[in-house]
Amino acid sequence: MTLVEITQDGKVLTTELSAAPEADLELGPDADLDAVAESLASAKQVAVRFPAFSDGRGYSIARRLRNQYGYRGRLLAVGDVLVDQVHLMARVGFDAFLLKEGQKPEKAAQSLARYQSVYQASADGQRPVWELRRRNKAA
Amino acid sequence: MYRYDEFDAAIVRTRVEEFRDQVERRVSGELTEEQFRPLRLMNGVYLQLHAYMLRVAVPYGELSSTQMRKLAHIARTYDKGYGHFTTRQNIQFNWPTLVDIPKILDELAEVEMHAIQTSGNCIRNVTSDPYAGVAGDEVDDPRPWAEILRQWSTFHPEFTYLPRKFKIAISGGAEDRAAVRFHDIGLRVVRGEGGDIGFRVWVGGGMGRTPRVGREVRSFVPAADLMSYLEAILRVYNLYGRRDNKYKARIKILVDELGLARFIDEVEAEWQKSRASATPLPEEEIARIRAYFAPPPLASLQDNPAELAAARKADPAFDLWIKTNVFSHKVPGYAAVTVSLKPIGGIPGDVTADQMDMIADLADRFSQGQLRATKEQNLVLPYVRQDQLAALWRALDMQNLATANRGLVSDMIACPGLDYCALANARSIPIAQEISNRFADLRRQHDIGSLSLNISGCINACGHHHVGNIGILGVDKRGEEAYQLVLGGDAGEGDAAIGQITGPGFSAEGIVDATEKAVAVYLANRRDADESFIETYRRIGMAPFKEALYDAR
């Protein structure tokens, strides 16, 4: 299986693994975050499972983990993780992706690099266009 | 109107490249149809009964003549020479091939257009009032806010795989002309106690098989908090909306199941927790976007010029058209003109490539190069000088685009129905055409007066039958097409109502007679010519209609 990671300095790394990485905590799409808040505080690696790529609850869970629970460790997407969604996952705070069998890691890297500009503030810290415009004008 | 800057242009271009890659991977088999389906839908590509269909976004209905010419070119080059304007102010092409679609998207990007989020379980193209910036009753022009919503919702990373589609409408007038209470989120621009701009918000309106009138969740959200508040609503929906049954997945069902009070509590709690991390809406950005919607340079004129009065007197057909197809403008001496896409016996919303080119030319000649698409599937020329109305009318009439029927019985909304759609149970277009022919006499239509007639070919209600004063719903009755009649619907916020079914359904021929009977009941019961169909219906109720429709059978 293939693990794609975004490093601290924004590089994309691909690793072939023989077994899924161990997570301190694995959350399903209906996870109650308040109930696991304590274990989150000490966790270094949290996995969020996508039972189907079309089930978008994991995006909101990630956003809450990052922006409301202050989770700063590695956030790993597992399950039906496809290359066409990884850039969205990265924006809501995922920094590691265990790709579904058969997905091409070079396509994941391409997806992550594709959009230079975004309209929304999210959990990845990317400055939205609305702020860049203001800065451009000031410059 | 809004123009792309380098960021907007790059984002749209990048999407075209992304989609081109996805189409290639679908063709090569790397992507399964199941994996490709949501990707193509989010680019407006449907697989219909006979072919692919491409739905192009016309954000909040605003179009330039240049864009219209491009649409004509696309219709001619990649389709069968026509396009179809929809109830969500978009345009559909019914016959493109999949491999041509990236090329079409390239062509659209050249004129700052796209097909982003015109389908899929994401935030759809935002709709608004076609008379924005024109109507005299505006609290504020809704278009800058609609453009802000367009940008914010474009590729929203968190809300691209929602339980189901999500539609937002915004209106800015004292009268709601965007059916805000029939959307997942409806917004009206209002002023707060200190006179500051904000929004009144409704959630969970919609049509489909479970029609609901939107429920108010907040009477005032300050403008600066618009994004954070909407994100709170969407996060609650994304996490708790049902995903086990697509027919129960819209936000209206979540509001039903939680109850309004608890739904509001959830949203408020989420809002307090997430307000600080949501997308900020800078004042400068509001001002930057607003500047694009400044009115064009217009002449200083008087209302009702002598030329107009003389032309009305000289030609009764022109006079009839002025009565229905002209909307009064806040700028003296100007008018907003409805170009009817409902010729008698025609297909509602269809326009040929030649007509599109002609309309673009007329927009340049008479309306500052600007156009609007309406949810009633017509077009509007928003800046016409009143002393040029007669010349415009003659030009439109030559193209069969001057039917004097806006708001009348033949100004029908109809979905594509079984002629195109894979979901339909019955045909819609031939029924619309039959009814239009039955009421062909325009004088008779003017006598009947204001009446909305909406036709859907299945329970999904794309033809808005629930909110037609008269609604027609096509159903499958043991393998035969049958039609139910619905009365009393109203799309406007103030009087928002879902129509009630009259009783047993009718055959394809029978529904045309039934429609005529319902109109006859109204005519026999109205107090005077000023009492509209819906007013009479509200006063006398369903009983007299039922009696006329069923007792004699």
Side-chain angles (χ1 to χ4, degrees), chain A residues 29-33 50-64 66-69 80 82-85 87-94 100 102-104 107 110-111 113-138, chain B residues 5-11 14-15 17-18 21-22 25 30-32 34-39 42 120-122 148 150-163 227-228 231 234-241 243 270 273-274 276-286 288-289:
Chain A
D30 53 359
D32 176 356
L33 298 186
F50 286 81
F53 76 91
S54 55
D55 184 338
R57 287 176 290 182
Y59 296 90
S60 286
I61 288 175
R63 189 81 195 274
R64 275 185 163 174
R66 293 296 196 199
N67 290 134
Q68 294 175 27
Y69 289 81
D80 200 17
L82 310 180
V83 298
D84 291 288
Q85 284 86 40
H87 65 294
L88 298 172
M89 292 177 176
R91 292 229 57 219
V92 295
F94 288 100
K100 189 190 178 167
Q103 293 290 298
K104 294 181 179 166
K107 281 287 172 192
Q110 197 182 22
S111 165
R114 187 171 272 122
Y115 286 95
Q116 302 296 312
S117 309
V118 296
Y119 288 115
Q120 312 81 6
S122 193
D124 61 345
Q126 198 173 345
R127 307 286 294 270
V129 161
W130 291 350
E131 278 188 37
L132 297 178
R133 281 175 179 147
R134 186 161 55 166
R135 214 164 47 179
N136 284 3
K137 206 179 153 197
Chain B
D5 71 354
E6 70 271 28
F7 294 110
D8 302 308
I11 287 170
T14 307
R15 169 44 74 93
E17 286 320 306
E18 181 183 30
D21 174 68
Q22 289 165 342
R25 283 157 58 220
E30 188 182 325
L31 275 170
T32 66
E34 191 210 350
Q35 291 166 347
F36 180 59
R37 189 171 174 275
L39 305 176
M42 276 181 254
N121 293 337
C122 50
I148 285 166
R150 181 191 76 81
Q151 296 188 16
W152 160 80
S153 62
T154 296
F155 313 146
H156 198 297
E158 189 179 348
F159 307 128
T160 297
Y161 291 93
L162 294 168
M227 271 57 248
S228 67
E231 287 188 4
L234 274 142
R235 188 164 303 128
V236 167
Y237 170 56
N238 191 37
L239 284 167
Y240 305 121
R243 290 174 184 267
E270 180 59 38
K273 279 188 274 187
S274 59
S277 59
T279 305
L281 177 50
E283 272 295 328
E284 296 95 314
E285 184 62 9
I286 300 173
R288 187 192 75 89
I289 291 177

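Reminder, nothing fancy here: chain letters follow the sequence lines and each chain counts from 1.
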In sequence, state the C-alpha distance, the side-chain angles, and the governing distance for B:D8 and A:Y119, and then conclude on side chain to side chain contact (heavy atoms under 4.5 Å, CB included). CA-CA 9 Å; B:D8 302 308; A:Y119 288 115; 2.5 Å; yes

Would you mind checking which part of B:R37 comes under 4.5 Å of any heavy atom in chain A, side chain (CB onward), backbone (N, CA, C, O), both or neither? neither

Please flag which part of B:R243 lies under 4.5 Å from any non-hydrogen atom of chain A: side chain, backbone, both or neither. side chain

Top of B:H156, B:E17, B:E18 for chain A proximity - count of heavy-atom pairs under 4.5 angstrom: B:E18

Among B:R15, B:E6, B:Q22, which residue forms the greatest number of heavy-atom pairs with chain A at distances under 4.5 Å? B:R15

Partner chain B: residue of A:K104, A:R66, A:H87 with the largest heavy-atom pair count (under 4.5 Å): A:K104

Applying a strict 4.5 Å limit to non-hydrogen atoms, the region of A:D30 in contact with chain B is neither

Applying a strict 4.5 Å limit to non-hydrogen atoms, the region of B:E284 in contact with chain A is side chain

Under a 3.5 Å distance rule, please check whether A:N67 uses its side chain to pair with a backbone N or O of B:S274 as donor and acceptor. no

Could you give me the CA-CA distance, side-chain angles and deciding distance for A:K107 and B:D21, then say whether side chain to side chain contact (heavy atoms under 4.5 Å, CB included) is met? CA-CA 10 Å; A:K107 281 287 172 192; B:D21 174 68; 2.6 Å; yes

Give the member of A:R114, A:R91, A:Q116 that has the highest number of heavy-atom pairs under 4.5 Å with chain B. A:R114

So for B:P163, is it side chain, backbone, both, or neither that comes closer than 4.5 Å to the heavy atoms of chain A? neither

Is there a side-chain hydrogen bond (donor to acceptor under 3.5 Å, both in side chains) between B:Q35 and A:D84 once you walk through the steps? CA-CA 9 Å; B:Q35 291 166 347; A:D84 291 288; over 6 Å; no

Kindly give the heavy-atom pair with the smallest separation between A:V129 and B:I11, and that separation in Å. CG2-CD1, 4.3 Å

Might you work through the side-chain hydrogen bond (donor to acceptor under 3.5 Å, both in side chains) test for B:E158 and A:S60, ending with a clear yes or no? CA-CA 6 Å; B:E158 189 179 348; A:S60 286; 2.7 Å; yes

Under 4.5 Å from any heavy atom of chain A, what part of B:L39 do you find: side chain, backbone, both or neither? side chain

At their closest point, which heavy atom of B:F7 faces which heavy atom of A:S117, and how far apart are they? CD2-OG, 3.5 Å

Considering only heavy atoms, which portion of B:N121 lies under 4.5 Å from any heavy atom of chain A: side chain, backbone, both, or neither? neither

Just so I understand: if I count every heavy-atom pair under 4.5 Å between each of A:W130, A:F53, A:Y59 and chain B, which residue has the most? A:W130

Toward chain A, the part of B:L31 with a non-hydrogen atom under 4.5 Å: side chain

Which of the residues B:G241, B:S153, B:A10, B:P280 is involved in the greatest number of heavy-atom pairs with chain A at under 4.5 angstrom? B:P280

Is A:R63 close to B:P157 at the side-chain level, that is, under 4.5 Å between some pair of heavy atoms? no

Sort B:T160 into side chain, backbone, both or neither according to what part of it lies under 4.5 angstrom from a heavy atom of chain A. side chain

